[in-house]
**Student:** 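Please see the structure below; I have some questions.
These numbers come from the heavy atoms of this one structure, side chains and all, not from hydrogens, waters or symmetry mates.
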Amino acid sequence: MSETLGAETTHFEIDAIMAKAKEDTGLSDFGDPWFMEPLAVLVDALNREADLSGMGLQVQGASLLKWLTERLRRIDLVKQNPEIADEKVEVLAEIVGLPRTGSTMVHRLLTSSPQVTSTYSWELLNPLPFPGEPFGDPQMRKDIAEAMAGFYLQVMPDMAAIHPIDPYGYEEDVLLLDRSFMSTGFHSMLKVPSYDRWLLDADQRPAYRELKEWLQILQWQDKSRAGKKWLLKSPHHLTALRAILDVFPECKIVVTHRTPVETVPSYASMVYTMTKSNTDKADPHEIGAYWDKRFQRVLRDVMEVRKTAPGRFIDIRYKDVQNQPVVEARKVFDALGLPYGAEEEALMESWLVENARDRHPPHKYSAEDFGLTREALARDFKFYIDAYLA
């Protein structure tokens, strides 16, 4: 395996990791080979650019093996249980926006309603039943997720102030796209700019077709989801709106808006925190400059896509959500055609009390920490601010 997964790992070899996945599972069918291109681009970037630390090498090697192993197991699960393909999945909406725009709060408020469902953090970590797991009893997977949440906070203690981690709460479905090797999650915690540039121009529809199958698998495992609509969320989806509109024709796009003068340095802080866990060579100024340019590109792309499907988008401002969260959540419910009653309001109010911001440590950062200035950011993003925040 040429050191690929051992303690002395220095680089990754795709053939060796795929062989190990086959050996570990006793399976051999990886399905449609379309995924080989994103996998190859990612591994090349890991080997050439990532400057991985010892921990980074171990974690990324284990992740590559896990995702390939789960690809084998997913395909085998659907073969053994063809009724999974009959699961009717309806994605009511994807909540998108630049990171740090309040999309997590909007998502968790809306999903407090029993009318909808989403992806739980624990099942995103291990979405497939373990071998021998009794059907409908994923307790071992939940226990592992709880332990992992504690580990993440130990390795990245600053994350408690940046993004709340709840193994039993809803989390971003982009973690399922990691399994297709098409995800902005990689560049959010790794130095892989060539991969990220490739991703922005790639056709992501194959990955979203796999995402739909993942949702079918999750729904098949949990019969309480029958008849519920899915309400998903991730900033990643800004890069894949054409794929979403195509693969999920019933889906609306809820866009959260906040000035990039605030969001770019806030996200740069998050990226720096996560990247430090994988490399000893994280450069905050390099991170700030990259995401400044990258978000400009993404927002311009989004504005072009919106012209092709104007009726599919719902806009919501971060400032309004902060000032009157339940009122804004009801507006989204109305726009999505969902009934809104006393139960929804009570559940949302309860969520707000339980997740009051002052229960979490403050997230401290400044634009200057990342080689940026508020004045320059205001100029860079004037095209977007004028369109949605004026």
**Student:** Might you work through the salt bridge (Lys or Arg N to Asp or Glu O under 4.0 Å) test for Arg108 and Glu171, ending with a clear yes or no?
**Tutor:** CA-CA 9 Å; Arg108 295 182 183 179; Glu171 192 50 85; 3.2 Å; yes
**Student:** Do the charged groups of Arg179 and Glu70 touch, with an N to O distance under 4.0 Å?
**Tutor:**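 Between Glu70 and Arg179 there is a salt bridge, with a charged N closer than 4.0 Å to a carboxylate O.
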**Student:** Quick check: is Tyr318 connected to Trp351 through a chain of hydrophobic side chains (ILVMFWY, heavy atoms under 4.5 Å apart)?
**Tutor:**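 Different clusters.
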**Student:** Is a side-chain donor-acceptor pair under 3.5 Å present for Glu123 with Gln221?
**Tutor:**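 No - no donor-acceptor pair under 3.5 Å links their side chains.
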**Student:** Between Lys233 and Thr104, which heavy-atom pair has the shortest distance, and what is it?
**Tutor:**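 Scanning both residues, the minimum pair turns out to be NZ-OG1, 2.7 Å.
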**Student:** Considering only residues two or more places apart or on different chains, which pairs with a residue in residues 272-291 satisfy ring pair (Phe, Tyr, Trp, His ring centres under 6.0 Å)?
**Tutor:**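 Listed once each, the pairs are His187-Tyr290, His187-Trp291, Tyr267-Trp291, Trp291-Phe295.
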**Student:** side-chain hydrogen bond (donor to acceptor under 3.5 Å, both in side chains), that's the test. Do His257 and Thr101 meet it? Break it down for me.
**Tutor:** CA-CA 6 Å; His257 298 284; Thr101 58; over 6 Å; no
**Student:** With distance as the sole criterion, is a donor-acceptor pair present between the side chains of Thr263 and Arg100 under 3.5 Å?
**Tutor:**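 No.
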**Student:** Partners of Gln296 by side-chain hydrogen bond (donor to acceptor under 3.5 Å, both in side chains), sequence neighbours excluded?
**Tutor:**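 Checked Gln296 against side-chain hydrogen bond (donor to acceptor under 3.5 Å, both in side chains); matches are Asp292.
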**Student:** Look at atom NZ of Lys88 and say whether more than 12 heavy atoms of other residues, nucleotides or ligands are closer to it than 6.0 Å.
**Tutor:**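 No - once you tally the heavy atoms of other residues, nucleotides and ligands closer than 6.0 Å, there are 12 at most.
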**Student:** Does the pair Asp44 and Arg48 meet the rule for a salt bridge (Lys or Arg N to Asp or Glu O under 4.0 Å), with working shown?
**Tutor:** CA-CA 6 Å; Asp44 177 67; Arg48 289 190 303 103; 2.8 Å; yes
**Student:** Following the transitive rule for hydrophobic clusters with a side-chain heavy-atom cut-off under 4.5 Å over Ile, Leu, Val, Met, Phe, Trp and Tyr, establish whether Ile75 and Leu177 coincide in one cluster.
**Tutor:**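 As far as the 4.5 Å side-chain criterion goes, Leu177 and Ile75 are not connected within one cluster.
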**Student:** Tell me if the CE atom of Met140 is crowded by more than 12 foreign heavy atoms within 6.0 Å.
**Tutor:**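 Not buried by this count: 12 neighbours or fewer within 6.0 Å.
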**Student:** Could you check whether any side-chain heavy atom of Trp230 comes within less than 4.5 Å of a side-chain heavy atom of Gln219, counting everything from C-beta outward?
**Tutor:**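 Of all side-chain heavy-atom pairs linking Gln219 with Trp230, at least one is under 4.5 Å.
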**Student:** So Lys79 and Asp29, salt bridge (Lys or Arg N to Asp or Glu O under 4.0 Å) or not? Walk me through it.
**Tutor:** CA-CA 11 Å; Lys79 284 181 182 177; Asp29 186 2; 2.7 Å; yes
**Student:** Hey, is Glu133 close enough to Arg141 for a salt bridge, meaning N to O under 4.0 Å?
**Tutor:**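 A salt bridge links Glu133 with Arg141.
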**Student:** I would like to know whether Arg197 and Asp201 meet salt bridge (Lys or Arg N to Asp or Glu O under 4.0 Å); could you show each step before the answer?
**Tutor:** CA-CA 7 Å; Arg197 288 191 295 269; Asp201 291 319; over 6 Å; no
**Student:** Heavy atoms, side chains only, cut-off 4.5 Å: are Met274 and Ser188 in contact?
**Tutor:**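 SC-SC contact between Met274 and Ser188 confirmed.
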**Student:** Say whether Leu77 and Leu215 are linked into one hydrophobic cluster, either directly or through other cluster members, by side-chain heavy-atom distances under 4.5 angstrom.
**Tutor:**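 Same cluster.
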**Student:** What verdict does the side-chain hydrogen bond (donor to acceptor under 3.5 Å, both in side chains) test give for Gln204 and Thr239, after you've listed the backbone C-alpha separation in whole Å, the side-chain angles of each residue and the deciding distance to 0.1 Å?
**Tutor:** CA-CA 9 Å; Gln204 297 194 45; Thr239 72; 3.1 Å; yes
**Student:** Can the ring centres of Trp122 and Tyr170 be said to be less than 6.0 Å apart?
**Tutor:**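 Here the rings of Tyr170 and Trp122 have centres that are no less than 6.0 Å from each other.
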**Student:** Does the gap between the ring centers of His236 and Phe186 come in under 6.0 Å?
**Tutor:**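 No; Phe186 has its ring centre 6.0 Å or more from that of His236.
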**Student:** Would you check if there is a donor-acceptor pair between the side chains of Glu83 and Trp220 at a distance under 3.5 Å?
**Tutor:**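 There is such a pair (donor and acceptor under 3.5 Å, judged by atom type) between the side chains of Trp220 and Glu83.
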**Student:** For Ser234 and Glu172, work out which heavy atoms get closest and say how close.
**Tutor:**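 Heavy atoms only, the tightest pair is OG-OE1, 3.1 Å.
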**Student:** May I ask you to test the Pro167-Met148 pair for a side-chain heavy-atom distance under 4.5 Å?
**Tutor:**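 No. Closest side-chain heavy atoms not under 4.5 Å.
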**Student:** For Arg225, does the CZ atom sit with more than 12 other heavy atoms under 6.0 Å from it, leaving out its own atoms?
**Tutor:**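 Yes - once you tally the heavy atoms of other residues, nucleotides and ligands closer than 6.0 Å, there are more than 12.
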**Student:** Does the side chain of Lys307 reach to within under 4.5 Å of the side chain of Glu304, using non-hydrogen atoms?
**Tutor:**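 Heavy-atom side-chain distance check passes, below 4.5 Å.
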**Student:** Is it true that Lys20 and Asp24 have a side-chain N and a carboxylate O under 4.0 angstrom from each other?
**Tutor:**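 A salt bridge links Lys20 with Asp24.
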**Student:** Work out which heavy atom in Met182 is nearest to a heavy atom in Pro38; give both atom names and the distance.
**Tutor:**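 Taking every non-hydrogen atom into account, CG-CB, 3.8 Å.
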**Student:** Between the side chains of Arg74 and Glu210, is the shortest nitrogen-to-carboxylate-oxygen separation below 4.0 Å, so that they form an ion pair?
**Tutor:**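 Judged by the 4.0 Å cut-off on N to carboxylate O distance, Glu210 and Arg74 do form a salt bridge.
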**Student:** Salt-bridge test for Arg374 and Glu262: reply yes if a basic N is under 4.0 Å from a carboxylate O, no otherwise.
**Tutor:**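 Salt bridge present between Arg374 and Glu262.
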**Student:** If you count every heavy atom of other residues, nucleotides or ligands that lies below 6.0 Å from Lys66 atom NZ, does the total exceed 12?
**Tutor:**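 Atom NZ in Lys66 is crowded, with more than 12 foreign heavy atoms closer than 6.0 Å.
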**Student:** Begin from the C-alpha positions of His237 and Phe248 and carry the test ring pair (Phe, Tyr, Trp, His ring centres under 6.0 Å) through to its verdict.
**Tutor:** CA-CA 12 Å; His237 302 309; Phe248 300 111; 8.8 Å; no
**Student:** For the residue pair Glu94 and Leu231, establish whether any side-chain heavy-atom pair is separated by less than 4.5 Å.
**Tutor:**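 Sidechains of Leu231 and Glu94: no contact.
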**Student:** State plainly whether one hydrophobic cluster holds both Leu110 and Val321, where clusters connect Ile, Leu, Val, Met, Phe, Trp and Tyr through side-chain heavy atoms under 4.5 angstrom apart.
**Tutor:**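 Same cluster.
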**Student:** Can a side-chain donor-acceptor contact be found between Asp320 and Gln324 if the only test is distance below 3.5 angstrom?
**Tutor:**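 Per modelled atom types, Gln324 and Asp320 side chains form no pair under 3.5 Å.
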**Student:** Give the minimum heavy-atom separation between Ala289 and Leu372, together with the two atoms involved.
**Tutor:**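 In terms of heavy atoms, the two residues are closest at N-CD2, 4.3 Å.
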**Student:** Of all the heavy-atom pairs spanning Ser180 and Ala207, show the shortest one and how long it is.
**Tutor:**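 Scanning both residues, the minimum pair turns out to be CB-CB, 3.9 Å.
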**Student:** If you count every heavy atom of other residues, nucleotides or ligands that lies below 6.0 Å from Arg306 atom CZ, does the total exceed 12?
**Tutor:**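 Count over threshold, so yes.
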**Student:** Does the ring of Phe35 carry Arg71 above it, NZ/CZ under 6.0 angstrom from centre and within 45° of its axis?
**Tutor:**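 Yes.
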**Student:** Quiz question: by atom type and distance under 3.5 Å, do the side chains of Ser183 and Asp178 form a donor-acceptor pair?
**Tutor:**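 A donor-acceptor contact under 3.5 Å links the two side chains.
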**Student:** Is the closest side-chain donor-acceptor distance between Ser366 and Asp369 under 3.5 Å?
**Tutor:**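 Result is yes, a qualifying pair exists.
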**Student:** With no hydrogens and no angle check, just 3.5 Å: does a side-chain donor-acceptor pair link Ser194 and Glu49?
**Tutor:**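 Judged by distance alone, the side chains do pair up.
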**Student:** Would Leu68 and Phe12 show up in the same hydrophobic cluster when neighbours are defined by side-chain heavy atoms closer than 4.5 Å?
**Tutor:**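 Yes, Leu68 connects to Phe12 through the hydrophobic network.
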**Student:** If I compare all heavy atoms of Ile217 with all of Pro127, which pair ends up nearest, and what's the gap?
**Tutor:**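 Smallest interatomic distance, heavy atoms only, reads CG2-O, 4.4 Å.
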